[in-house]
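Okay, structure first, notes after.
To find a chain, count down the sequence lines: A is the first, B the second, and so on, and within it residues start at 1. Please read all numbers here as calculations on a predicted model, not as lab measurements.
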Amino acid sequence: MKSGSVLEQVLSRGDFAVTAEMGPPKHASAKVIKQQAKLLKGWVDAVNITDNQTAIARLSSIAAGVHLYNAGVEPVIQMTCRDRNRIAMQSDLLGAYSLGMRNVLCLSGDHQKFGNHPQAKNVYDIDSVQLVNMVKTMRDEKKFQCGEEIKQQEPRYFIGAVANPFADPFEFRVLRLEKKINAGADFIQTQSIFDMERFERFMELVRYRGLDKRVHILAGVTPLKSARMAKIMQQRVAGMIVPDAIIQRMEQAKDQKAEGIAICIEQINRLKTVAGVAGVHIMAINWEEVVPEIVSKAKLK
Amino acid sequence: MIVAKPKPVEEVARLIDSCDNILIVACGGCATICLAGGEKEGEILATALCSWREKQGRTINATVTTITRQCELEFVTDIAHQVKQVEAIVSLGCGVGVQFLAEHYRDKLVYPALNTIFAGGSVQPGRWEERCGLCGECMLHLTAGICPVTRCAKNIQNGPCGGSQNGKCEINPQLPCAWHLIYEKLASLGRLDIMMAYRPPKDWSKGKSGGPRSVKREDATQR
């Protein structure tokens with residue numbers, strides 16, 4: 001065991017893992033986090049907490065992670081490269097570990113242009129691949145990024161990274177995944193999958209290069225709440241592909257929410273059959289309460 | 001070259017609202033080439049400032065002079081006699097020009113009439129694009145001659161990020177993704193191995209993160 005985290009244990013056993021995602025609130029109360037912890041407890045193996053997603057200032061991922069941890073839910077803290085340099089990141093990695101965090105997901109982060117502070121100065125001191133490598137170096141070599149030794153307890157994280165099979169150039173997406181694995185990623189969570197054919201082609205290339213044997217891949221899914229949301233995701237969300245067929249299906253549905261849940265369950269059932277997929281990551285955006293229903297109907301727990 | 005854009009006339013007029021006698025200093029260097037601060041733009045600014053004042057029922061005495069390059073002291077000193085005659089200087093140079101004027105003429109305020117934008121070049125008549133981030137450690141041989149420090153919105157070293165779609169950057173559908181361009185060029189050269197190699201964190205201390213930089217050439221200082 002590298003970190004001993006619950007997520008690492010589940011994946012190491014070869015069990016089909018289920019993770020969910022939660023966006024912290026835009027205020028200083030942990031009430032909603034605690035409510036969601038209660039709601040998700042027992043239904044998922046771990047919960048990701050986004051790090052100022054879409055570049056909107058929110059309660060911090062680490063602080064939210066501690067609230068989840070205290071409520072008995074395994075957190076996956078997210079860390080983007082947008083807002084912190086290597087000094088702040090390592091400091092937060094040490095601090096978060098001391099507070100019980102054991103999983104970290106490393107990302108570039110959405111550009112601040114999309115958020116509520118577009119005038120902000122971004123950092124991008126290091127990129128997501130370098131961040132993965134930095135977390136690994138701290139764990140496996142007991143060294144800071146600069147090479148200096150960590151003299152006492154090193155942070156031992158289960159290291160996550162993301163992959164987006166729907167971004168371009170398509171062929172390089174698998175190679176970039178390989179770069180992240182080489183850099184030290186233990187698990188991967190993908191962008192929300194709607195174009196199943198493209199994802200299956202991606203996984204074919206992943207298997208061809210033997211990458212599924214080197215890393216645990218969790219396929220991302222997002223239940224659609226409405227046809228309108230599907231359209232927004234199709235047109236406005238960077239790096240996402242939502243096929244027209246899904247939008248039509250949502251538009252024609254009498255109960256769009258029920259249809260969104262049904263589509264998501266179908267997707268999970270199909271993903272279970274894709275070789276090399278080690279689990280699913282459910283990103284129910286502003287709709288976390290639907291996760292237990294999906295998990296139960298997809299017979300994941 | 002350094003590429004700059006004129007500030008709106010109204011903005012310059014407000015900056016110098018308290019001055020009635022100014023020297024507009026155009027620059028014969030980059031500011032002329034990017035059509036922002038040459039002799040012609042100096043004359044246009046002078047005329048515009050005069051008519052702005054007229055509308056307010058006031059007058060201004062705006063003299064225009066052009067120096068070869070505001071970023072060289074020997075040219076900056078050339079206009080000492082003209083500077084003596086005025087209350088303030090309006091520079092049509094880049095940020096370097098403004099500072100060289102201000103450093104030399106210590107008893108005068110220097111107002112910038114341009115916004116200095118980037119180091120770049122002209123890609124077609126009337127269009128300039130940023131090309132160099134002045135990072136102090138050129139790695140262009142690893143990126144097919146395409147600079148991710150300037151041309152990638154997240155200046156990432158191991159790109160492209162997950163926001164690249166159809167060859168475009170997530171922040172602007174008109175903007176090419178630098179890493180997509182790098183990929184295409186390296187793929188066409190059969191050199192994707194370069195892109196597969198992990199690039200470690202960059203040493204930003206060689207760039208502006210290391211504080212103000214200077215370059216010294218012993219052979220030139222002894223002249």
May I ask you to check whether over 12 heavy atoms, not counting those of [X], lie within 6.0 Å of atom [atom1]?
{"X": "A:Arg236", "atom1": "CZ", "answer": "no"}
{"X": "A:Lys143", "atom1": "NZ", "answer": "no"}
{"X": "B:Lys108", "atom1": "NZ", "answer": "yes"}
{"X": "B:Asp193", "atom1": "CG", "answer": "yes"}
{"X": "A:Ile87", "atom1": "CD1", "answer": "no"}
{"X": "A:Lys142", "atom1": "NZ", "answer": "yes"}
{"X": "A:Glu200", "atom1": "CD", "answer": "yes"}
{"X": "A:Arg228", "atom1": "CZ", "answer": "no"}

Residue among [options] with most heavy-atom pairs under 4.5 Å to chain B:
{"options": "A:Asn133, A:Ile241, A:Val237", "answer": "A:Asn133"}
{"options": "A:Ile126, A:Asp125, A:Asn164, A:Val162", "answer": "A:Asp125"}
{"options": "A:Met240, A:Arg82, A:Gln191", "answer": "A:Met240"}
{"options": "A:Lys113, A:Gln112, A:Arg86, A:Arg173", "answer": "A:Arg173"}

| Beyond-backbone contact of A:Phe172 with B:His180, side-chain heavy atoms, under 4.5 angstrom |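 Answer no - side chains too far apart.
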| request: Could you check if a side-chain atom of A:Pro169 sits within less than 4.5 angstrom of a side-chain atom of B:Pro160, using non-hydrogen atoms only? | output: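 Yes. Closest side-chain heavy atoms under 4.5 Å.
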Determine yes or no for a side-chain-to-main-chain donor-acceptor pair under 3.5 angstrom, with [X] supplying the side chain and [Y] the backbone.
{"X": "B:Lys154", "Y": "A:Gly109", "result": "yes"}
{"X": "B:Gln165", "Y": "A:Phe166", "result": "yes"}
{"X": "B:Asn158", "Y": "A:Val129", "result": "no"}
{"X": "A:Ser108", "Y": "B:Cys161", "result": "no"}
{"X": "B:Glu170", "Y": "A:His111", "result": "yes"}
{"X": "A:Asp168", "Y": "B:Ser164", "result": "no"}
{"X": "A:Gln130", "Y": "B:Pro200", "result": "yes"}

| said: Under the criterion side-chain contact (heavy atoms from CB on, under 4.5 Å), I'd like the reasoning laid out for A:Asn85 against B:Trp204: C-alpha separation, chi angles, the key distance, then a yes or no. | reply: CA-CA 11 Å; A:Asn85 68 10; B:Trp204 298 108; over 6 Å; no
| query | Between atom CH2 of B:Trp179 and atom CZ of A:Arg176, what is the distance when rounded to the nearest 0.5 Å? | reply |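 Output value for this atom pair is 9.0 Å.
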| task | Given side-chain contact (heavy atoms from CB on, under 4.5 Å), test B:Met196 with A:Lys179 step by step and report yes or no. | result | CA-CA 7 Å; B:Met196 271 308 285; A:Lys179 276 187 93 165; 4.1 Å; yes
| A:Phe114 versus chain B, heavy atoms under 4.5 Å apart: side chain, backbone, both or neither? |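 Side chain only.
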| Part of B:Ala187 lying under 4.5 Å from any heavy atom of chain A |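 Neither the backbone nor the side chain of B:Ala187 comes within 4.5 Å of chain A.
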| field | Which atoms of B:Tyr183 approach chain A - backbone, side chain, both or neither, heavy atom under 4.5 Å | value |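 B:Tyr183 touches chain A through side-chain heavy atoms alone.
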